[in-house]
Every structure is written in structure tokens, then in C-alpha cells.
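Each remark here refers to the structure printed beneath this line.
All chains are named by letter (A, B, ...) in the order of the sequence lines, taking the proteins before the strands, and each is independently numbered beginning at 1. Please read these numbers as outputs of a predicted model, since none were measured by experiment.
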Amino acid sequence: MSAAEPNHAPAPAERPLDFIRQIVADAVAAGQHGGRVQTRFPPEPNGYLHIGHAKSICLNFGIAKEFGGKCNLRFDDTNPTTEETEYVESIQDDVRWLGFQWDGLFYASDYFEQLYLWAEKLIELGLAYVDSQTSEEISQQRGTPQIPGTHSPFRDRSVAENLDLFRRMRKGEFPDGAHVLRAKIDMASPNFLLRDPLLYRIKKAHHHRTGDTWCIYPMYDYAHGQSDSIEQVTHSVCTLEFDAHRPLYDWCIEKLGIFPSRQHEFARLNLTYTVMSKRKLLELVQAKLVSGWDDPRMPTICGLRRRGYTPEAIRAFCGEIGITKYNGLTDMVVLENALRSDLNKKAERRMAVLKPIKVVIENYDADLTEQLDAVNNPEDAEAGTRQVPFSREIYIEQDDFMEEPPKGYFRLSPGKEVRLRWAYFIKCTSVVKDEAGQITEIRATYDPATRGGDSPDGRKVKATIHWVSANHSIPAEVRLYDHLCKIEDLSQVPDGEDWKNQLNPASLTVLSEAQLEPSLSTFADGRPVQFERLGYFVADKDAEPGKLVFNRSVTLKDAWAKAKK
RNA sequence: UGCCUGGUAGUGUAACGGUUAGCACGAGUGAUUCUGAAUCACUUAGUCGGGGUUCGAAUCCCUGCCGGGCAACCA
């Protein structure tokens with residue numbers, strides 16, 4: 001590292017370099033590849049991106065940016081049976097939305113011809129052969145961790161025969177599964193991936209980009225490193241499970257004598273109370289246990305976006321969690337705090353009553369409506385003020401009234417006085433109940449001298465509560481979200497047990513009776529907003545004319561809720 | 001049982017053989033407050049165990065324990 005030249009050094013990073021960035025910094029300092037840095041983000045278009053991908057995106061694009069390099073977006077589309085254009089498009093949307101712009105946009109399928117030619121080269125070098133066994137036979141010969149594998153009876157076919165068969169595989173002369181191309185490495189290697197790994201398989205499937213041009217497709221291990229090499233990727237960053245693949249990655253590049261991209265592995269992100277596997281997320285979508293990939297409970301980028309997460313919050317989160325090889329479990333509150341911290345600065349405040357109960361202010365003129373000034377964002381003077389209508393009948397939150405308050409309860413109760421935010425002090429005089437004994441209405445009086453919320457006599461109230469004017473408020477549906485899963489660590493679900501049993505049945509609560517202050521109608525455009533004392537919210541796309549729908553992005557911290565536990 | 005990896009407060013991380021082992025989140029206490037929010041201050045708590053090497057070890061070596069990964073014609 002060069003703390004060497006303090007004079008014209010850029011602002012020092014607040015954080016020390018993570019081990020990947022350190023590797024890059026060392027390479028640059030050593031003048032490797034002339035100091036050029038090239039990374040890539042290589043998703044397979046077989047699902048939507050999730051927050052774990054965001055970690056990788058921030059890393060790869062971040063490195064390129066910080067070291068004056070470039071980062072490509074490359075679709076790893078070597079398996080036509082699982083990949084779709086829908087995913088290609090969503091991935092591009094999500095990467096852009098996160099705030100990154102790729103330099104090159106590529107597909108592994110762009111390289112099929114080159115990859116094929118290199119496969120012929122491996123055959124000619126005697127390093128690859130066509131195996132005509134079934135997958136079961138090949139699998140059985142692979143051996144076990146303790147027992148070496150055994151050679152395929154086809155392992156010593158001549159170069160000419162291999163070449164002929166491989167070319168005919170390409171031409172489509174054989175059905176799926178009839179032959180595969182394998183590398184000839186070492187059936188006794190302790191690393192299974194070197195026990196003559198498959199390079200190509202026959203798949204007479206329609207590819208989302210190459211159509212029916214090909215009927216043989218390269219395997220990941222054969223395609224990935226060579227694609228990196230073609231793009232002159234200097235640092236190929238991937239997750240830990242590919243660690244064991246590195247020797248094969250290096251083997252291909254070395255035998256082919258092509259640009260030496262190098263692979264480095266970091267730990268993937270795990271978050272509490274959610275799932276982070278494309279397979280499981282797809283399962284949720286297909287089983288309709290969520291409304292889609294963008295269900296706000298999903299940890300997908302589009303789900304988080306719909307939930308009200310901002311790119312800034314996600315990027316800040318990714319910067320906070322660090323990059324290591326330790327396979328940990330990050331607490332969901334870290335993500336939530338990243339959002340709170342971003343939105344606290346930029347979300348305007350409004351009042352909304354989620355579970356309303358009516359309050360009648362007995363000494364307030366029934367014909368009167370006042371417009372009261374309210375601050376839009378105490379954290380941002382630029383946000384200005386607005387006017388909120390006040391009248392004799394208002395709604396407050398059911399949770400803000402208790403007929404028999406427990407110790408430590410500051411809010412409204414019989415005989416107690418609270419402040420209505422930006423309005424008046426009110427004191428509860430009585431309650432009205434129905435036959436069942438349910439409170440249907442709260443009666444109160446207000447103190448005209450406290451207009452605006454300040455008491456001239458200096459008397460204090462313990463609580464300030466939010467409210468809306470019953471005659472002016474607009475109804476809305478509000479959706480509250482909780483953890484997708486009941487348990488913290490989904491990886492602890494034993495094999496053979498359905499992980500879906502751990503889904504949280506209370507992950508979605510729909511409140512259809514909410515009442516909003518009138519100015520909230522202008523938030524239908526999707527700007528984030530804080531409902532005072534409740535949390536951050538965002539309008540949902542399900543809204544229709546006359547029917548607003550808001551999603552709760554995240555609650556505010558709530559010391560009272562915590563105290564009650 | 002083989003190979004590869006990893007193990008620092010509750011959680012996520014920093015330390016590059018040389019500080020009283022730092023930071024963030026959480027938790028707790030207090031101040032402040034027209035959001036039980038935010039903000040501010042303080043407190044809490046850690047090098048997986050055992051051996052070695054060294055003047056000095058979280059760091060290097062050995063060993064044990066624990067976690068993760070690896071035997072798809074998936075990526």
C-alpha cells in the first residue's frame with residue numbers, strides 16, 4: 001500500500017482496504033498488466049438479482065471505479081434450459097438502478113465459437129476427449145473423497161477420433177447425453193473438479209440468444225475462465241464456493257496459453273430471517289407464496305426497490321458489511337439501519353393514522369377548519385413547511401390511547417393531556433363504548449392557547465401524537481411487512497425438512513382503513529416519506545385512482561415497543 | 001473418513017511480529033427533544049483450546065476442536 005506520498009494522495013479511505021482490494025492494489029503497485037484493472041459482474045440470467053448480488057456488484061464495479069479500471073456486465077448464459085430474456089432485462093435494470101454503469105456488455109454466448117475452437121485445441125493437445133458413457137457411469141467412476149476415480153474406457157481415444165466425434169456432436173448427429181467432452185486431467189486428484197471434468201454436453205435446446213445455432217454448450221468451468229480471459233479480466237472475483245474450481249480455471253487458461261485472468265473468492269452474503277438463494281426465491285415465486293420476484297418481502301433488488309429501499313442505502317450497506325472469506329450471517333437490522341439512516345435525511349414527514357380511532361374535541365367549533373403549519377423535515381430545512389387541516393373530529397392511532405395505561409405509558413388516557421403534533425394540547429375527558437364494551441370514540445377538550453403545539457404557560461406533556469382531520473383525511477391501504485422467515489438462520493433447517501415451513505405467516509399485514517393527511521396524495525409518485533412516529537413508507541404500484549396503497553419500507557426504532565417486551 | 005477454506009465482543013469487521021486489540025451495529029445508562037425517532041455523551045463485551053518460535057504472537061509453526069465448501073451433462 002502506498003501511504004508513501006501524503007502530499008498529493010487523495011482523501012484517505014475511511015476504511016482500510018478489504019483483502020480483495022488489497023490484492024488489486026498490490027497488483028497495480030507491481031505494475032501488473034501495466035496497472036490496468038478489469039473486473040466483471042457475471043450473473044447467470046436464470047433469476048432476479050438479490051441483495052447478495054448487490055454485494056458482488058458493489059465490489060466489482062467499486063474496484064473498477066476506485067482503481068481507474070473497467071467493469072463489464074457479462075451474462076453467463078451457457079445453460080439454455082434455465083435462462084431467459086426476462087432475466088437479462090431485469091438484471092440490467094437492477095444494476096443500473098443500483099447506480100452502476102458497465103463498460104462492456106457481453107454474454108458468454110458471444111464466445112461460443114471461440115470456446116469451441118479452443119476445445120478442439122485441447123483435443124489436439126491430447127488434453128480432452130469425447131466420452132460416450134452415460135452420466136451414471138461417469139458419476140460412478142468419479143470415485144469418492146478417499147477412493148480415486150477410474151479411467152473412462154474412452155479416455156484414450158485418438159485425437160482424430162475425438163475431433164471427429166466432437167465435430168459431429170456440434171453438427172447435431174447425436175442425441176442429448178450420447179457424448180460429452182471431458183478434460184483429461186487426473187482421475188486420482190483429491191479435487192473432484194480435476195477428475196476429468198466435463199467441458200461440453202449436448203443439449204438440443206433453444207438458447208435465448210443463439211437460438212438453434214448450437215446443440216452443444218460449454219460447462220461453467222470451461223466457459224467462465226476463458227470468457228474472463230477474452231475480456232482481459234485482471235481480477236475475476238467470485239464467491240467462496242468456487243474456490244475449489246480455481247485449479248481448473250487456471251488449468252484451462254494455462255493449457256490454452258491465453259490471457260491469465262486470476263480468480264479471487266470472497267464470502268457470499270447471508271442475512272438473518274430471509275433466503276438468499278435463487279433456487280429458493282424461484283420456489284417462492286412459482287408456488288405463489290409471494291406475489292412475484294418484486295414482492296416487497298423478497299430480498300431481491302426489485303423487491304427491495306418496491307419496498308422502498310434506495311440505491312444509496314443498499315450501497316452503504318454493502319460498504320458496511322465488508323469483504324472477507326468468513327462465512328457469516330449478517331443481521332438484517334444492519335440493512336434496515338442503512339435505510340433508516342438514508343431516509344432520515346431525505347424523506348419528508350407526514351402524518352398518517354394506520355389504525356384509526358375517532359376523537360371528538362368537545363370544545364372545538366364544529367364548523368371550523370384551521371390550517372396549521374407543519375415542518376416537512378426537521379433534518380432538512382430546505383424541505384420547508386406545509387399546512388395541515390384541523391377540525392373538531394380527528395383520528396388518532398388506536399395504540400396511542402389506553403383506557404387503563406400501564407406504568408410508563410405516556411400517551412393519551414382518561415384525564416391525561418398530550419400534544420397533537422403541530423396542533424394543540426388535548427385532554428381526554430371520556431370514552432364512548434358500544435354494547436360489546438369496545439371503545440368507539442374518545443372525547444376530549446383542547447386548549448386554544450396551545451395552537452401550533454406550544455404552551456404559553458410552559459406546561460409540559462409527556463407525549464406528542466400524530467393525527468389526521470376526519471373530514472379531510474384520505475383513506476388508503478397500507479401494507480406492513482415483517483421478516484420473510486420465522487427463524488434467523490435458514491441454513492440450519494435440516495436436510496429433508498421443507499424450509500418453507502419456516503416462512504413467517506405474519507410477513508404481510510394489510511391495513512385497509514388507514515387515514516392519511518391530504519398532502520400525502522402527492523406522494524403517489526414513489527418518493528419516500530416518513531409517517532411520523534411509524535416508519536418510512538412508499539407508494540406501491542398497486543395504487544389506483546382513488547385508492548392509494550403504501551408499503552412500509554422500515555419502521556422507526558421504537559423504544560416503547562422494546563420496553564413493552 | 002480425503003481435499004480445500006475459515007475461526008477477533010451478541011453480530012459484522014480492523015490489525016500486515018511491536019499501541020491500553022480499534023470501528024460500526026446491537027445492548028445498557030444519561031442528556032436533549034413538538035416523532036418513545038433523530039442527535040449527543042458514557043458504559044458493556046472479544047483474539048476457539050493446547051503446545052511451540054520470538055525480547056515481543058490475534059498475526060508465524062505444530063496440534064486439537066468447531067464452522068463452511070467439494071463426488072450436477074447447474075452456475
Side-chain angles (χ1 to χ4, degrees), chain A residues 1 14-16 18 22 42-44 46-47 76-79 81-83 108 131 134-135 138-140 142-149 176-182 189-193 195 198-203 216-217 219-221 223-224 238-247 265 267 272 278-279 320-331 333-334 336-338 340-341 344-345 349 351 374-375 378-379 408-411 418-423 425 450 452-455 460-466 491 530-535 555-563:
Chain A
M1 253 267 304
E14 319 77 40
R15 288 180 73 105
D18 59 68
Q22 188 63 59
E44 182 188 13
N46 67 345
D76 220 335
D77 56 349
T78 58
N79 184 359
T81 55
T82 58
E83 295 153 6
D131 198 342
T134 63
S135 61
I138 290 174
S139 167
Q140 275 163 22
R142 193 117 37 200
T144 70
Q146 295 85 351
I147 304 166
D176 286 12
H179 308 281
V180 291
L181 185 72
R182 297 176 71 180
S189 171
N191 184 343
F192 274 91
L193 289 153
R195 316 246 269 220
L198 269 64
L199 268 26
Y200 269 89
R201 76 284 214 191
I202 300 171
K203 250 185 204 286
I216 57 172
Y217 292 92
M219 301 288 290
Y220 167 86
D221 284 304
H224 201 94
C238 64
T239 45
L240 246 30
E241 66 270 27
F242 292 101
D243 177 282
H245 296 243
R246 183 158 22 88
E265 311 86 16
T272 56
K278 277 203 236 177
R279 202 203 89 239
E320 235 162 80
I321 57 180
I323 303 290
T324 64
K325 295 180 88 120
Y326 176 69
N327 217 310
L329 180 64
T330 298
D331 199 318
V333 303
V334 179
E336 293 172 347
N337 281 332
R340 290 189 181 104
S341 141
N344 179 45
K345 292 283 181 290
R349 274 60 167 170
M351 292 193 286
V375 172
E379 303 285 329
Y409 187 83
F410 300 160
R411 283 108 96 150
V418 297
R419 170 167 39 232
L420 296 175
R421 183 91 156 140
W422 311 121
F425 285 12
T450 57
D454 291 304
S455 61
K460 301 278 186 209
V461 287
K462 286 289 262 280
T464 299
I465 64 174
H466 59 276
S491 73
Q530 182 193 105
F531 290 177
E532 294 228 29
R533 305 206 303 132
L534 297 173
T555 60
L556 253 32
K557 285 184 193 166
D558 187 347
W560 171 241
K562 199 187 294 176

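- Every residue two or more places apart in sequence or in another chain that forms a ring-ring contact (aromatic ring centres under 6.0 Å, His included) with A/His224 is listed here: A/Tyr220.
- Taking the P atom of each, B/C60 and B/C74 are spaced 40 Å apart, rounded to whole Å.
- Residue A/Thr78 has no polar side-chain atom (N or O) positioned under 4.0 Å from OP1 or OP2 of B/C74.
- Residue contacts shown for A/Arg349 include a base, since a base heavy atom lies under 4.0 Å away.
- At a threshold of 4.0 angstrom between heavy atoms, the contacts of A/Gly453 include nucleobase atoms, whether or not backbone atoms are also involved.
- Contact annotation: A/Thr324 side-chain N/O to B/U13 OP1/OP2 distance is under 4.0 Å.
- Residues meeting the side-chain hydrogen bond (donor to acceptor under 3.5 Å, both in side chains) test with A/Ser189, sequence neighbours left out: none.
- A distance of about 16 Å separates the P atoms of B/A14 and B/G22, rounded to the whole Å.
- OP1 or OP2 of B/C73 has not a single side-chain nitrogen or oxygen of A/Thr134 nearer than 4.0 Å.
- Remark: the backbone N or O of A/Val180 is not paired with any side-chain donor or acceptor of A/Asp131 at under 3.5 angstrom.
- Comparing A/Arg419 and A/Arg246, the nucleotide of RNA chain B nearest to each residue sits closer to the 5' end for A/Arg246.
- Nucleic acid contact for A/Leu534: none, since no nucleic acid atom lies under 4.0 Å from a heavy atom of the residue.
- Ranking B/G36, B/A75, B/A72 by closeness to the A/Asp76 side chain, first place goes to B/A75.
- Not a single salt bridge (Lys or Arg N to Asp or Glu O under 4.0 Å) links A/Arg340 to another residue, sequence neighbours left out.
- A donor-acceptor pair is defined here as one N or O able to donate and one able to accept, closer than 3.5 Å; such a pair exists between the side chain of A/Thr144 and the backbone of A/Gln146.
- Here the separation of B/U1 from B/U8, taken at their C1' atoms, is 31 Å to the nearest Å.
- Looking at which nucleotide of RNA chain B each of A/Asp18 and A/Arg421 is closest to, the 5′-most match is held by A/Asp18.
- Counting non-hydrogen atoms under 4.0 angstrom, A/Glu532 reaches a base of the nucleic acid.
- Residue side chain A/Trp560 meets the stacking definition with respect to B/G36: its ring centre sits within less than 5.5 angstrom of the base's six-membered ring centre, and the planes differ by less than 30 degrees.
- Separating the C1' atom of B/C25 from that of B/G18 is a span of 30 Å, rounded to the nearest Å.
- Residue A/Leu198 places its side chain closer to B/C73 than to any other of B/C73, B/C74, B/A15.
- Residue A/Ala559 has its side chain nearest to B/A37 when only B/A37, B/C74, B/A71 are considered.
- Remark: A/Lys462 NZ is loosely packed, at most 12 non-hydrogen atoms of other residues, nucleotides or ligands lying under 6.0 Å away.
- Nucleotides B/U59 and B/U44 are separated by 26 Å at their P atoms, to the nearest Å.
- For A/Arg142, the side-chain atoms get nearest to B/C73 when compared with the rest of B/U1, B/C73, B/A75.
- Within 4.0 Å (heavy atoms only), A/Tyr409 reaches at least one base atom of the nucleic acid.
- The two residues A/Pro247 and A/Asn191 have their closest heavy-atom pair at CG-ND2, 3.7 Å.
- Comparing B/U13, B/U35, B/C74 against the side chain of A/Arg533 picks out B/U35 as the nearest.
- Residues passing the salt bridge (Lys or Arg N to Asp or Glu O under 4.0 Å) test with A/Asp243, sequence neighbours excluded: A/Arg246.
- The P atoms of B/C48 and B/A58 are separated by 10 Å, rounded to the nearest whole Å.
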> For RNA chain B, what string of dots and brackets results from 5' to 3' when Watson-Crick and G-U pairs need both distances under 3.5 Å, crossing pairs get [ ], and pairs with another strand get |?
Replying inline: .((((((..((((....[...))))((((((.......))))))...(((((..]....))))))))))).....
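- Residues satisfying the ring-ring contact (aromatic ring centres under 6.0 Å, His included) criterion with A/Phe425, sequence neighbours excluded, are absent altogether.
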>> I need a per-nucleotide contact map over nucleotides 62-69 of chain B, read 5' to 3'. Cutoff is protein heavy atoms under 4.0 Å; write B for the base, S for backbone only, - otherwise.
In response: ------S-
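- Residue A/His245 comes nearest to A/Leu193 through the heavy atom pair CD2-CD1, 3.5 Å, listed as atom of the first residue, atom of the second, then distance.
- Comparing B/C3, B/G6, B/A75 by their closest approach to the side chain of A/Pro190 singles out B/C3.
- Separation of the P atoms belonging to B/C55 and B/U29 is 49 Å when rounded to the nearest angstrom.
- In this structure, the nucleotide among B/A71, B/C74, B/G36 sitting nearest to the side chain of A/Lys203 is B/C74.
- Nucleic acid contact class of A/His245 (heavy atoms, under 4.0 Å, all strands): base.
- Between the P atom of B/A37 and the CG atom of A/Leu556 lies a distance of 8 Å, rounded to the nearest Å.
- No contact: A/Arg195 has no heavy atom under 4.0 Å from any strand.
- For A/Thr464, the side-chain hydrogen bond (donor to acceptor under 3.5 Å, both in side chains) partners two or more places apart in sequence, or in a different chain, are A/Arg419.
- Residues meeting the ring-ring contact (aromatic ring centres under 6.0 Å, His included) test with A/Tyr409, sequence neighbours left out: A/Trp560.
- For the salt bridge (Lys or Arg N to Asp or Glu O under 4.0 Å) test, residues two or more places apart in sequence or in another chain that qualify with A/Asp18 are A/Arg21.
- Listed by chain and number, the residues in a side-chain hydrogen bond (donor to acceptor under 3.5 Å, both in side chains) with A/Ser491 are A/Asp489 (sequence neighbours excluded).
- When all heavy atoms of A/Arg182 and A/Arg195 are compared, the closest pair comes out as NH2-O, 3.5 Å.
- Here the nucleotide nearest the side chain of A/Asn344, chosen from B/A38, B/G2, B/C4, is B/A38.
- Base contact: A/Gly408 has a heavy atom under 4.0 Å from a base atom.
- Atom P of nucleotide B/A37 and atom CZ of A/Arg411 are separated by 11 Å, given to the nearest angstrom.
- You won't find any donor-acceptor pair under 3.5 Å spanning the side chain of A/Glu265 and the base of B/U5, going by distance alone.
- Closest to the side chain of A/Met219, from the set B/G12, B/A14, B/A75, is B/A75.
- Which of B/C16, B/G2, B/U8 sits closest to the side chain of A/Tyr326 comes down to B/U8.
- Between B/U11 and B/U53, the two C1' atoms lie 34 Å apart (nearest whole Å).
- A/Pro378 comes within 4.0 angstrom of a base, heavy atoms only.
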Could you write out each protein N or O paired with an N or O of nucleotides 25-32 of chain B at a distance under 3.5 Å?
residue: B/C25; atom: O3'; partner: A/Asn337; partner atom: ND2; Å: 3.0
residue: B/C25; atom: O2'; partner: A/Asn337; partner atom: ND2; Å: 3.4
residue: B/G26; atom: OP1; partner: A/Lys557; partner atom: NZ; Å: 2.5
residue: B/A27; atom: OP1; partner: A/Lys562; partner atom: NZ; Å: 2.6
residue: B/A27; atom: OP2; partner: A/Lys562; partner atom: NZ; Å: 3.2

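- Nucleotide B/C73 holds its C1' atom 9 Å from the CG atom of A/Asp176, rounded to whole Å.
- Residue A/Asp454 is in base contact, counting any heavy-atom pair closer than 4.0 Å across all strands shown.
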